[in-house]
**Student:** 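Quick one: the structure is below, and I'll ask about it shortly.
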Amino acid sequence: MSAEKVAFFILSGLTLGGGLAILFSVRLMRAVVYLLVSLFGVAGLYILLNAEFLAALQVLIYIGGITILMVFGLMLTGPGQFVNPAESRLKAVAAGVSSLTTAIVLLLIVKKTKWPAGTQALAGDTTAEIGRLLLTDHVFAFEIASVLLLVVLVGVALFVRLARDGGKP
Amino acid sequence: MITLQEYLSVGALLFTVGLLIVLFRQNAISILMGIELMLNAANINFVAFSNALGGLTGQVLAIFVVVAAAAEAAVAIAIIVLLYQNLGTVDVEKARNLNG
Amino acid sequence: MSELAAVLPGVLEKAGWSVPGGLVPVLAMFICASIVAAAMGLSAAVLVWAERKLAGHFQCRLGPVYVGGKFGWLQSIADGIKLLLKEDIIPADADRPLFRLAPYLVVLGVFLAFIAFPVSEKLMVADLNIGIFFILAVLTLEVFGVILAGWASNNKWALLGAMRAAAQMVSYEIPMGLAILPVVVEAQSLSLKSIVAAQSGGMLRWYVFQPPFFMGVSFLIFFLAGLASLKRAPFDLPEAESELTAGFHTEYSGMRFSFFFMAEYAGMILVSGLAAALYLGGWHGILPGQSGAMWFLLKTAFLVFVMIWLRWTLPRLRIDQVVYVGWKVLTPFVLACVLGQALMAYK
Amino acid sequence: MVAVEKDVRTDELVINMGPQHPSTHGVLRVVLKTDGEMCLDAQPDIGYLHRCAEKIAENLPYGQFVPYTDRMDYVSGMGCNMGYCMAVEQVAGIQVPERGEWLRVIVTELNRIASHLLAFGTYGLDTGAITPFLYGFRERELVLDLLEMLCGARLTYSYIRIGGVDGDVPPEFMDKLKEFLDIFPKKIREYNKLLTYNHIFMKRTVGVGVLPADVAIAYGVTGPCLRGSGVRQDVRRDEPYSVYPKLEFDVPVGTDEHGPIGDAWNRYYIRIRELEESAKILRQCVKMISPGPVLAEKVGRVKPPAGAEAYTRSENARGELGFYIVSDGTMTPARVKVRAPSFSNISVLPAIVRGQMLADVVAIIGSLDIVLGEIDR
């Protein structure tokens with residue numbers, strides 16, 4: 001087994017293990033840490049896939065932004081929310097069955113489809129190329145994304161205002 | 001050499017885990033975590049395809065997904081905090097009055 | 001690291017050890033990691049001593065004088081030994097695993113950032129082509145560690161410190177990241193090696209001194225934001241001693257406490273070194289043709305001195321003022337700089 | 001539709017600031033009610049340093065209580081000595097010789113300087129600047145050396161005795177004092193440069209914890225805190241005692257030059273200005289003092305007539321220090337009541353911290369400059 005393969009298994013293990021740990025953890029704060037582990041695993045997978053820029057972006061946005069936001073959310077929603085309430089049995093069974101079905105279907109699709117074999121080497125500096133693509137081929141999506149961010153900024157600011165005024169607009 | 005299929009399997013499994021979290025958990029923040037995992041699963045697929053096909057479009061798409069995920073998380077957390085302030089809970093089962 | 005991996009087999013052969021070929025990169029990685037870790041620990045120790053000594057002189061006193069004979073140069077070693085031997089206390093109601101994990105995360109963030117730290121052309125663990133972006137990314141790990149520490153301590157002061165840390169970092173990561181952009185625009189690269197290489201040819205080629213000084217302004221902003229992200233005075237609110245006792249590390253003692261300390265001092269070197277590499281020409285000397293690790297270290301040391309100087313002179317800001325400065329002063333200015341530099345590059 | 005609870009949850013966090021906290025200036029406990037960084041309420045909880053000083057006074061001969069007064073306002077013990085001795089002298093009808101009065105004024109003003117320097121330094125610490133503390137201590141050291149020359153003690157002096165002072169000054173004392181007075185104005189300018197007009201410091205203190213004059217008077221606030229609110233009140237000037245009538249000095253009051261009158265910065269700055277005034281008083285004392293006895297003769301055991309009572313006011317570093325003594329004709333007083341300035345000053349805290357940030361609470365407590373030994377007694 002090559003070093004790459006070992007790294008792949010470790011990283012996918014981290015990713016999936018972290019995800020499962022979120023599922024089974026009772027304390028939400030620990031769940032956030034497991035999320036961190038899982039996201040780190042994904043970042044590692046990106047590096048294996050020769051997407052260093054995306055890996056760094058993943059760490060920056062997810063770990064520096066989203067997990068911290070979640071911690072903020074946890075702190076602001078009171079100490080009573082750290083333990084999840086017990087689930088109803090029926091719901092658990094339904095959720096399990098439907099998820100299992102999804103997993104099986106997805107894996108079957110992955111297995112049955114004829115995928116192109118091997119990889120095609122990417123030429124040169126991928127970071128610069130991504131930048132070029134963003135501002136040429138995908139400039140429309142880029143603009144949409146920036147508008148989306150602006151809307152989010154304004155919307156969240158409004159929410160915060162609502163929260164401060166006790167829910168009254 | 002890791003094949004595309006292996007990456008896609010990881011993506012599929014991660015998606016399932018995310019789905020399980022969303023379905024199992026009642027806490028809004030947990031659900032948000034599940035959604036983030038599902039988005040990441042999609043991203044793994046994008047990047048894997050990008051690697052297999054030798055184009056960067058997959059990576060660019062993944063970047064947009066990350067942007068959307070960040071925006072979504074910000075709004076979601078704001079909503080959850082507001083929900084907590086108004087209803088005193090972040091349990092999605094108890095916050096039912098949007099059901100009508 | 002790749003160079004080390006290239007010479008390693010020969011060295012090993014001379015020493016008479018046989019190592020399977022596949023393990024050589026792993027071995028090189030371990031060697032590099034231990035060198036970085038040792039350098040980090042050592043520089044933190046030196047800096048602690050330097051800070052105490054300088055603080056002494058800023059305050060009309062002597063600072064450490066006894067330990068190690070002259071100048072108290074062994075003081076921080078003595079402190080380190082004391083911290084090592086101290087009892088490691090974990091509060092009864094703390095979240096134990098997270099409480100233990102937090103200091104490691106904080107150190108890990110800074111440690112990883114040192115991988116792309118450009119001491120000189122040769123002296124660099126790895127020249128990543130996303131170098132500066134990588135450093136910014138892994139530094140966020142430190143923020144998470146700090147928040148985790150504050151939360152896991154189950155102490156209200158620590159929690160407040162963590163909240164402050166989060167608010168502060170969120171407001172300063174943005175100007176810090178944006179301040180790098182003018183340099184990146186000019187150098188056309190994220191790799192620290194090529195950024196420094198683009199500044200060769202004497203002092204006037206350094207990016208700070210490039211008219212019309214968009215990069216000079218962003219240097220100041222980068223330095224200030226770096227100071228804030230390191231939680232150094234006057235931005236030391238997360239650990240504000242007079243308000244929050246010690247903020248997020250109130251409950252930490254012994255070795256775990258010293259981890260936070262080490263991360264802070266290593267972070268000082270990191271931010272100063274980055275500023276030196278991005279704006280002050282890195283390993284290039286004042287005159288054209290001069291270069292070497294010495295220059296880089298000198299510039300870094302000067303910036304570290306400025307940090308210490310500021311800390312022992314200025315009072316502390318208030319959290320609303322810190323956030324105000326971050327969002328309403330630094331961010332607009334840095335945006336203007338980015339825009340200006342981009343327009344310059346466009347023509 | 002399910003009825004929704006309409007009561008809005010506010011996430012108040014109740015924090016105990018103290019009794020072990022670096023900026024409560026002793027064993028003060030403040031129960032803070034905060035919403036995030038915003039302070040909604042603060043209740044000072046005192047009594048951690050209560051040593052029954054007033055009760056002890058009822059069981060000791062008059063002269064033996066002097067050392068206990070040192071331990072009330074331990075930062076300016078001379079002032080407490082003086083207040084108590086004045087009350088005893090009034091109740092027992094003892095006359096203090098002229099030189100004794102001069103020396104009393106010299107040592108209390110020196111002690112005021114030491115106390116205000118400590119206030120200056122710790123206020124720097126409260127706002128996060130560490131260096132002013134050591135700058136303040138540099139000069140405080142000189143003052144303490146001077147006081148040590150007189151009585152051998154640097155904190156608990158008991159130099160002022162009933163009927164005068166413990167002994168005359170050593171011959172080199174006056175020269176040393178002059179030397180100190182010569183360098184001191186330069187040092188005050190240095191403090192101003194380092195801290196008073198520092199931009200960040202002013203951002204932290206100007207407009208913070210504004211104490212309006214009427215509120216200050218209603219709570220019985222005295223001393224620099226009251227003067228910071230713009231009220232020109234000073235016992236040394238309003239109801240002069242000892243040799244103060246012969247001395248010329250200003251009573252600085254708060255101004256609206258940099259921000260509202262009565263804010264933390266004004267309270268702080270009054271102390272800096274008082275350093276100058278104290279130095280001015282000391283310069284006059286050095287000139288005007290004349291030789292003579294320092295302790296009243298035949299004081300012996302004080303035994304005031306039964307039913308005699310006296311209340312004396314004096315201006316200590318923190319405000320008006322009052323001693324009320326009732327005699328029952330025995331060797332020990334029937335009752336001693338102390339009006340401690342810090343006690344009234346801290347009581348105003350809840351009134352001025354509401355709606356301020358957490359960091360401001362520290363800045364406000366620091367600007368009130370309390371001493372717990374005096375509050376709890």
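We name chains A, B, ... by the order of the sequence lines, and we start the count at 1 in each one.
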**Student:** For L101(C), is it the side chain, the backbone, both or neither that has a heavy atom under 4.5 Å from a heavy atom of chain A?
**Tutor:**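 Only the side chain of L101(C) comes within 4.5 Å of chain A.
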**Student:** Please classify the contact of M169(C) with chain A as side chain, backbone, both or neither, using a heavy-atom distance under 4.5 Å.
**Tutor:**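 Neither part.
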**Student:** Pair V71(A), F144(C) - check side-chain contact (heavy atoms from CB on, under 4.5 Å), show working.
**Tutor:** CA-CA 9 Å; V71(A) 174; F144(C) 194 81; 3.9 Å; yes
**Student:** Please flag which part of L105(C) lies under 4.5 Å from any non-hydrogen atom of chain A: side chain, backbone, both or neither.
**Tutor:**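 Contact with chain A involves the side chain of L105(C) alone.
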**Student:** For chain A, which candidate among A166(C), S189(C), A152(C) shows the most heavy-atom pairs at distances under 4.5 Å?
**Tutor:**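 Most heavy-atom pairs within the cutoff with chain A belong to A166(C).
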**Student:** Would you check if F134(C) and E52(A) make a side-chain contact, meaning some heavy-atom pair closer than 4.5 Å?
**Tutor:**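 Not touching, per the 4.5 Å side-chain cut-off.
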**Student:** For chain C, which residues from residues 32-44 of chain A have at least one heavy atom closer than 4.5 Å to it?
**Tutor:**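 V32(A), V33(A), L36(A), F40(A) fall under the 4.5 Å cut-off.
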**Student:** Just checking F72(A): does its CZ atom have more than 12 heavy atoms from other residues, nucleotides or ligands closer to it than 6.0 angstrom?
**Tutor:**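 It does: F72(A) CZ has more than 12 such atoms within range.
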**Student:** Using 0.5 Å steps for rounding, measure from the OG1 atom of T140(C) to the CG atom of L60(A).
**Tutor:**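 It comes to 6.0 Å.
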**Student:** To check you understand the geometry: which heavy-atom pair defines the closest contact between A56(A) and A137(C), and what is its length?
**Tutor:**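 Closest pair (atom of A56(A), atom of A137(C), distance): O-CB, 3.3 Å.
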**Student:** When you compare the side chain of L141(C) with that of I63(A), does any pair of heavy atoms fall below 4.5 Å?
**Tutor:**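 Heavy-atom side-chain distance check passes, below 4.5 Å.
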**Student:** Please evaluate residues M29(A) and L148(C) with respect to the criterion side-chain contact (heavy atoms from CB on, under 4.5 Å), reporting the C-alpha separation (whole Å), side-chain torsions for both, the decisive distance (0.1 Å), and the verdict.
**Tutor:** CA-CA 9 Å; M29(A) 194 67 185; L148(C) 209 57; 3.6 Å; yes
**Student:** Apply side-chain contact (heavy atoms from CB on, under 4.5 Å) to W151(C) and L74(A), showing your working.
**Tutor:** CA-CA 10 Å; W151(C) 190 86; L74(A) 280 183; 5.8 Å; no
**Student:** Applying side-chain contact (heavy atoms from CB on, under 4.5 Å), run through F133(C) and L57(A) and close with a yes or a no.
**Tutor:** CA-CA 8 Å; F133(C) 193 54; L57(A) 192 76; 3.7 Å; yes
